[in-house]
Every structure is written in C-alpha cells, then in structure tokens.
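See below for the structure under consideration.
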Protein chains: 2
Amino acid sequence: MSRRSYVSVARAEAATEKKERVIQAAARFLREAESITAFSLDAVAKAADVTRLTVYNQFGSRRGLLEAVFDDIARRGRLIRLNEAMAEADPRKGLDLLITIFCEFWGSDPAVARLHDAMTIDPEFAQALLERNERRRHSIDELVARIAGEQASAAARRDVADLVFALTSCAMFRMLAETRPVAAVCAIITDAARAAIARIEPENSDGLVANSAP
Amino acid sequence: MSRRSYVSVARAEAATEKKERVIQAAARFLREAESITAFSLDAVAKAADVTRLTVYNQFGSRRGLLEAVFDDIARRGRLIRLNEAMAEADPRKGLDLLITIFCEFWGSDPAVARLHDAMTIDPEFAQALLERNERRRHSIDELVARIAGEQASAAARRDVADLVFALTSCAMFRMLAETRPVAAVCAIITDAARAAIARIEPENSDGLVANSAP
DNA sequence: TTTTCACTAAACACGCTGTATATCTAATTG
DNA sequence: CAATTAGATATACAGCGTGTTTAGTGAAAA
C-alpha cells in the first residue's frame with residue numbers, strides 16, 4: 001500500500017534483453033515452420049528458454065508477439081527508403097523505387113510470408129498488418145496522382161492505384177517469387193506497373209495500351 | 001461372418017442426401033464466417049443436424065469436407081467454359097474469356113475466399129487446391145505459347161505466363177474486389193494481362209510498352 | 001530491511017481435431 | 001418372419017492449443 005517508487009535499470013535491461021530473445025526465437029520459428037499452425041507460444045517460449053507466461057506478460061497475446069516480430073523485421077527492412085522514393089522529382093522513378101523497396105522487403109525474410117499467413121486466421125492481426133500497409137497505400141496514391149494527366153478520371157486513377165497496390169502486395173510477390181530471384185520478380189512487377197500507369201499518363205492517353213472495352 | 005450380400009438403394013440415397021446437406025451447411029458456414037478459424041466440424045454438424053462423427057464417416061476429415069465444398073462450388077462455377085476459351089481461334093480472345101471465367105468464379109461464392117484462406121493453415125489442403133489450379137496454369141501456358149512471337153525468349157514467355165497466372169489468381173481477385181463489382185475487376189485484370197502479353201506478341205516487339213531495363 | 005518487479009511453477013477452463021467403443025434403427029436378405 | 005447389414009448415434013477419451021489464475025522465488029532498489 002505504501003507505493004514506494006522503484007525504477008530498476010538492471011531489471012529493465014534484463015527484461016528487454018529477454019524480450020528481444022523471444023522475438024528472435026519467434027522469427028526463427030516462423031522462418032523454419034512450414035505452416036503458421038506450427039507456430040505455438042509453447043514452442044517459442046521453450047526455444048527462447050522462457051516460460052510461456054513470460055511471453056504473455058511481455059506481449060499480451062499471441063497476436064502481440066506476431067506484431068512485435070513483424071515490426072522487428074520491418075525495422076531492419078530498409079523501408080525508410082520510402083522517403084527517398086517520395087522525394088524523387090520524377091514520380092515514375094519514385095514508383096520504380098517503391099516497387100524495388102517492397103520487393104526487397106517481402107523477400108528479405110521468409111518469416112514475412114508466415115506472418116502474412118497469420119492474417120487469414122486472426123482478423124485482428126490482419127487489421128494490424130493492414131494498418132502497417134497504409135503507408136504503401138498512401139504513397140502509391142500520391143505517386144499516381146502526380147503522374148496522372150488532367151484527362152484521367154478519378155475512377156481511372158483509383159483503378160490504377162488499386163492495381164499497383166495489388167501488384168506490390170506481399171501476396172503478389174510470393175506468387176512470382178516461387179521460381180525466381182527477387183530481382184526478376186521486381187522486374188516483372190515494375191513492367192506491369194508501368195504498363196498500368198501508362199494509361200493515365202498525360203502524354204499518351206490515346207490507347208497506346210489496348211482498352212478493355214470491346 | 002456370413003457376409004450376406006446387402007445393396008440398399010434407399011439407405012444409399014439417404015446417405016448422399018445427408019452428405020449434400022452437410023456440404024451445403026459447410027458452405028453456408030464458410031460464407032457467413034468472418035474467419036476460417038470459426039469453421040469447426042462441430043458447428044457444421046450441428047447446423048446440418050448431424051453428428052460430428054457422421055461428418056468424419058462421410059468425408060474422412062476436416063480437409064475432406066473442405067475439398068468437397070470446393071468441388072461442389074467449382075461444379076456450379078461454369079468452369080466448363082474453359083473449353084470454349086481454349087477452342088477460340090484467336091488466343092487473345094481466348095485469354096480474355098479465361099480471365100472473365102475466373103473472375104466470375106472467384107466472385108461467385110464468398111465461401112471461395114474462406115477456402116482460399118484454409119490453404120494457409122493446412123498444407124495438404126493447399127496442395128489439393130493447387131492441383132485444382134493446374135488446369136488454369138496449363139491453359140494460360142498454352143494461350144501464351146500460341147500468342148508469343150518467334151522472337152520472344154522462353155524466359156520472357158514464362159514471365160508473362162506467371163504474371164497472368166498471378167493476375168487471374170483468387171488472391172488478386174480478392175484484393176481488387178473489395179471496393180468494386182466483379183465486372184470492374186475483370187476489366188482491370190484484362191487490361192493488365194493484355195499489357196503483359198503485348199510484350200511477347202510478334203507484331204509490336206520493339207518496346208511499345210516500356211522495358212524495365214534502365 | 002522491506003518493498004517492488006520480473007519471472008517461474010503449476011494448475012485450470014475452454015475449444016478444437018481425431019479416434020475408439022458400444023448401441024440403435026431401419027432397410028434388405030434368406 | 002427373423003437374421004443380417006450399413007449407416008447413424010451417444011459417449012468418452014487423448015492430445016494440443018490459447019488464455020487466465022494463484023502462489024511463490026530471487027534480486028535489485030529504496
């Protein structure tokens with residue numbers, strides 16, 4: 001009841017060290033597991049030489065741990081370069097760079113794919129990852145807006161932005177990356193995205209690319 | 001031990017009728033569930049007014065039931081039109097039709113999305129669905145081969161075929177279908193696929209679409 | 001010396017899959 | 001008609017997972 005103040009440096013450091021150990025163990029587990037089902041807190045805790053309850057104390061839940069792992073991977077994923085892409089004078093070059101950045105990110109750690117899988121079994125975790133994709137979403141919207149000519153309708157711009165968003169998604173990357181290196185996937189997606197934006201560019205608005213209307 | 005012969009028509013009919021009822025209940029459940037996690041044999045059995053054990057007797061396992069549901073949806077999905085698409089004299093028109101067919105199929109039943117989700121938690125079920133996608137794979141390969149000009153390298157053809165395969169996937173459809181009707185999704189994917197195959201068409205092989213090389 | 005924090009240990013409730021055993025029922029067969 | 005049979009049922013169990021509770025431990029900080 002006396003609530004004496006207590007600020008421990010040593011214990012806090014030990015705690016964050018242990019927390020980091022759990023995150024790394026979880027990432028390793030995700031990398032090696034063939035299915036997200038195999039990812040259990042019991043196994044992770046054992047691998048990190050920690051009690052399962054400690055994981056709960058540190059991360060709150062299974063979802064909390066997964067989010068922490070994703071954020072850890074994202075931190076190393078050189079996503080900061082997005083600023084570079086947005087600062088590019090030519091928005092076409094900016095889009096090219098954005099595509100490269102995300103291809104390299106999706107391919108940077110096999111655990112990313114498993115985390116992506118976790119979205120399908122946990123709606124709240126899916127929401128969390130969706131929010132972390134908002135920056136990609138906005139960046140693409142902005143680049144498309146900067147590229148688009150006057151004649152391009154709002155609907156056309158939205159269609160192009162959505163297509164580019166889908167092309168630069170983790171799901172798309174995984175489908176193409178099964179049989180080829182990251183650079184090759186990046187080239188394919190870049191070509192597809194360029195073809196898409198060609199339709200709303202001011203220069204060649206007159207059907208350089210075939211229109212779907214019969 | 002006497003093994004007297006016993007061929008019951010009425011009982012067999014009642015069994016298949018019950019089996020159908022279970023499949024429909026499972027499909028309804030998948031449609032309404034917000035996550036594949038909510039799909040439990042217990043709930044399905046209860047909804048179908050059947051014991052959980054009956055489900056096991058009929059389908060062997062959870063996976064077996066899911067496969068049965070998918071096959072049931074596929075049967076109604078007018079995928080037979082694929083023959084029509086492949087019989088088309090102009091392979092470009094064939095590809096357009098293929099895209100339409102699959103867009104309509106992916107959009108035909110919300111349960112399809114949930115079944116797609118089930119792939120991520122059950123590797124063996126994923127394998128089963130992958131095999132069911134082989135026909136799409138081969139059809140696209142053939143159409144691309146028929147469209148491709150002499151000058152197109154094998155690698156370029158493979159890249160285009162893989163891209164079209166990814167564009168016509170369930171995952172791609174779902175990403176684009178969140179905010180627009182099926183027909184609009186179909187138009188976007190058709191445009192993207194046309195732009196992709198333009199690169200290997202015999203007529204305009206000289207960079208009508210920008211190349212990714214700097 | 002006492003308080004405080006992070007961690008541990010051991011259990012619990014709950015839900016899921018998959019399997020085993022015994023029983024019931026109604027159609028079929030001799 | 002009476003024995004047989006396939007299918008369904010009722011009930012229980014083992015195993016594994018999440019998430020919570022309760023009590024206890026060890027060491028840094030006050």
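Owing to the predicted nature of the structure, the values given are computational and were not obtained by experimental measurement. Per chain, numbering begins at 1; letters A, B, ... match sequence-line order.
- Taking atom OH on B:Y56 and atom C1' on D:dT9, their separation rounds to 16 Å, with Å as the unit.
- The residues A:R76 and A:D72 are annotated as salt-bridged, a charged nitrogen and a carboxylate oxygen being separated by less than 4.0 angstrom.
- The distance from atom CD of B:Q58 to atom C1' of D:dA6 is 11 Å, rounded to the nearest whole Å.
- When rounded to the nearest whole Å, the span between CG of A:L53 and P of D:dA23 equals 15 Å.
- Nearest to the side-chain atoms of B:Y6 among the listed nucleotides C:dG18, D:dA6, D:dA8 stands D:dA6.
- Protein atom CZ of B:R4 is 8 Å distant from nucleotide atom C1' of D:dT5, rounded to whole Å.
- Taking for each of B:S61 and B:S8 the nucleotide of DNA chain C with the nearest heavy atom, the 5'-most of the two is the partner of B:S61.
- The backbone N or O of A:D109 sits nowhere less than 3.5 Å from a side-chain atom of A:R31 that would complete a donor-acceptor pair.
- In this structure, A:A10 and B:T51 both approach DNA chain D, and ranking their closest nucleotides by distance from the 5' end singles out B:T51.
- The CG atom of A:D49 sits 12 Å away from the C1' atom of C:dC7 (whole-angstrom rounding).
- Rounded to whole Å, the distance from CZ on A:R11 to C1' on C:dT4 is 9 Å.
- Heavy atoms only, all atoms of each residue included: A:L82 and A:I101 are closest at N-CD1, 3.7 Å.
- Annotation: B:R78, atom CZ; neighbour count of heavy atoms from other residues, nucleotides and ligands within 6.0 Å does not exceed 12.
- Using a 4.0 Å cut-off between charged side-chain N and carboxylate O, B:D162 and A:R180 make a salt bridge.
- For A:T54 and C:dT8, the shortest distance from a side-chain N or O to OP1 or OP2 is below 4.0 Å.
- Between B:R62 atom CZ and C:dT17 atom P the separation is 6 Å, expressed in whole Å.
- Looking at B:R52, its side chain comes within 3.5 Å of the base of C:dG18 through a donor and an acceptor atom.
- Taking atom CG of residue B:D42 and atom P of nucleotide C:dT17, one finds them 7 Å apart after rounding to whole Å.
- In the set C:dT8, D:dA30, D:dT9, D:dA30 carries the atom at the smallest distance from any side-chain atom of A:S5.
- Both A:G60 and A:A38 lie near DNA chain D, and the one whose nearest nucleotide falls closer to the 5' end is A:A38.
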